[in-house]
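The structure appears right after this line, and notes come after that.
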There are 2 protein chains.
Amino acid sequence: MNSSDPAIDDVVFTPACSIFRRFLKGQGLKFTPERAKILEAVLSREGVFEADELYDEMRQALIRVSKATIYRTLKHLLESKIIREVLIDSKQAHYQLSYGREPMAYLVCLETNKIIACATPQIKEIRDRICEEHGFNPVSHQLVVYGISPEAQAEAANEANEANESSD
Amino acid sequence: MNSSDPAIDDVVFTPACSIFRRFLKGQGLKFTPERAKILEAVLSREGVFEADELYDEMRQALIRVSKATIYRTLKHLLESKIIREVLIDSKQAHYQLSYGREPMAYLVCLETNKIIACATPQIKEIRDRICEEHGFNPVSHQLVVYGISPEAQAEAANEANEANESSD
DNA sequence: CTTGCTGCAAAAGTTTTGCACACGT
DNA sequence: ACGTGTGCAAAACTTTTGCAGCAAG
């Protein structure tokens with residue numbers, strides 16, 4: 001193997017990266033420079049992201065990969081459980097890093113569309129009780145809450161104030 | 001108004017239907033035969049449905065409406081809160097009748113894709129606690145659980161048995 | 001020399017939109 | 001005439017796929 005490939009050798013070997021490489025090898029697939037870069041972009045992401053966001057972000061960083069490759073790589077990252085799918089919106093897939101994370105609740109702001117993800121160990125018990133009642137064997141779950149984020153609440157309060165002042 | 005319009009007069013005036021008519025009137029919109037028929041199809045649905053399913057179902061019943069009209073009407077039904085959106089799958093919108101219903105959990109079978117919807121009053125408390133911790137003002141929520149339905153479990157058990165017998 | 005990977009462009013699938021025509025007042 | 005509604009076809013948008021050329025063992 002030519003270990004002077006700059007793109008591969010620059011990769012920081014995070015745990016997730018090792019898992020991905022092992023997964024790919026197990027499937028007879030290759031850990032290519034493109035896949036390394038996409039994983040890196042995914043790892044740099046806090047919170048929920050879309051395929052298109054990833055693409056734009058990489059473009060801005062002058063890292064060129066085709067969308068096709070991004071989609072193909074996201075599939076492999078899903079299979080290897082490094083990311084998981086998050087249902088936030090019915091017209092676009094959303095993903096989040098899952099490696100080493102707890103089940104999540106997602107607080108989606110109806111004003112800003114920003115998403116707060118937070119761990120929710122408490123829900124599992126309720127989930128299991130519900131599933132038991134229906135003879136259903138649970139594998140995973142997700143709670144999505146829609147509402148108004150603190151920022152949007154502050155924004156709304158601000159606007160109300162301004163309206164008041166100008167009408168005084 | 002011509003009260004001999006067969007399509008309109010055949011409508012059963014369920015509470016949901018009254019709500020929809022009131023909503024439309026309030027918006028300066030009309031309760032047309034197409035909208036009546038679409039609402040009827042929606043009301044006849046137990047559980048979760050997709051726009052396309054609705055379209056096929058109506059076609060089979062020889063009720064002709066265009067997909068465009070279905071999509072447009074679903075929007076109005078959402079606004080009037082007669083139906084709500086359910087996030088089950090990131091590539092297609094799913095809806096469910098919400099009029100008079102409790103917050104739901106959705107048990108999605110990974111084998112059959114069938115969806116069991118069940119009321120879950122218990123989750124609201126947890127939801128509110130989580131939101132409070134984040135200064136988030138909740139409006140609605142949804143729990144989706146992925147797993148194996150009783151039917152699929154039985155199916156799997158059957159197949160295992162058959163495999164055993166044939167190897168005996 | 002076979003297998004897998006990439007990028008491109010085309011295709012597929014769902015949802016939206018523009019337009020011309022129809023309906024009711 | 002005016003508002004709004006409908007169907008059709010085209011457009012928009014995300015995701016998938018086919019293909020040709022490339023890289024690696």
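Every chain is numbered from 1, with letters handed out A, B, ... down the list of sequences. Note that the structure is a prediction, hence the values are computed from the model and not measured.
- Rounded to the nearest 0.5 Å, atoms CD1 (A/Ile130) and CZ (A/Phe136) are 11.5 Å apart.
- The A/Ala51 side chain lies nearest to D/dT15 when the options are C/dT15, D/dT15, C/dT16.
- Looking at B/Leu107, B/Val48, B/Val108 one by one, the single match for side-chain contact (heavy atoms from CB on, under 4.5 Å) with B/Ile116 turns out to be B/Leu107.
- Of the candidate nucleotides C/dT15, C/dG7, C/dC5, C/dC5 has the atom lying nearest to any side-chain atom of A/Leu29.
- OP1 or OP2 of D/dG7 has not a single side-chain nitrogen or oxygen of B/Arg64 nearer than 4.0 Å.
- Which of D/dT15, D/dG3, C/dT17 sits closest to the side chain of B/Lys30 comes down to D/dG3.
- Within the model, atoms CZ of B/Arg45 and CD of B/Gln96 stand 11.0 Å from one another, a figure rounded to the nearest 0.5 Å.
- Listed candidates were C/dT14, D/dT6, D/dG7. Nearest to the side chain of B/Thr32 is D/dT6.
- For C/dT15, the OP1/OP2 oxygens have a side-chain nitrogen or oxygen of B/Tyr71 closer than 4.0 Å.
- Dashed line: the shortest gap from a side-chain N or O of B/Lys67 to OP1 or OP2 of D/dA9 is not under 4.0 Å.
- Distances shown here put a side-chain N or O of B/Lys91 below 4.0 Å from the OP1 or OP2 atom of D/dT16.
- Under the 30°/60° scheme for interplanar angles, the aromatic rings of B/Phe31 and B/Phe20 are found to stand perpendicular.
- Between B/Ser66 and D/dT6 there is no side-chain polar atom (N or O) within less than 4.0 angstrom of OP1 or OP2.
- Rounded to whole Å, the distance from CZ on A/Arg35 to C1' on C/dC5 is 6 Å.
- Side-chain atoms of A/Arg72 and base atoms of C/dG4 include no donor and acceptor less than 3.5 Å apart.
- For A/Thr120 (side chain) and A/Ile123 (main-chain N/O), no donor-acceptor pair under 3.5 Å exists by modelled atom type.
- Helix-axis bend for the helix from C/dC1-D/dG25 to C/dA22-D/dT4: the local axis fitted to the five terminal pairs at one end deviates from that at the other end by 10°, rounded to 10°.
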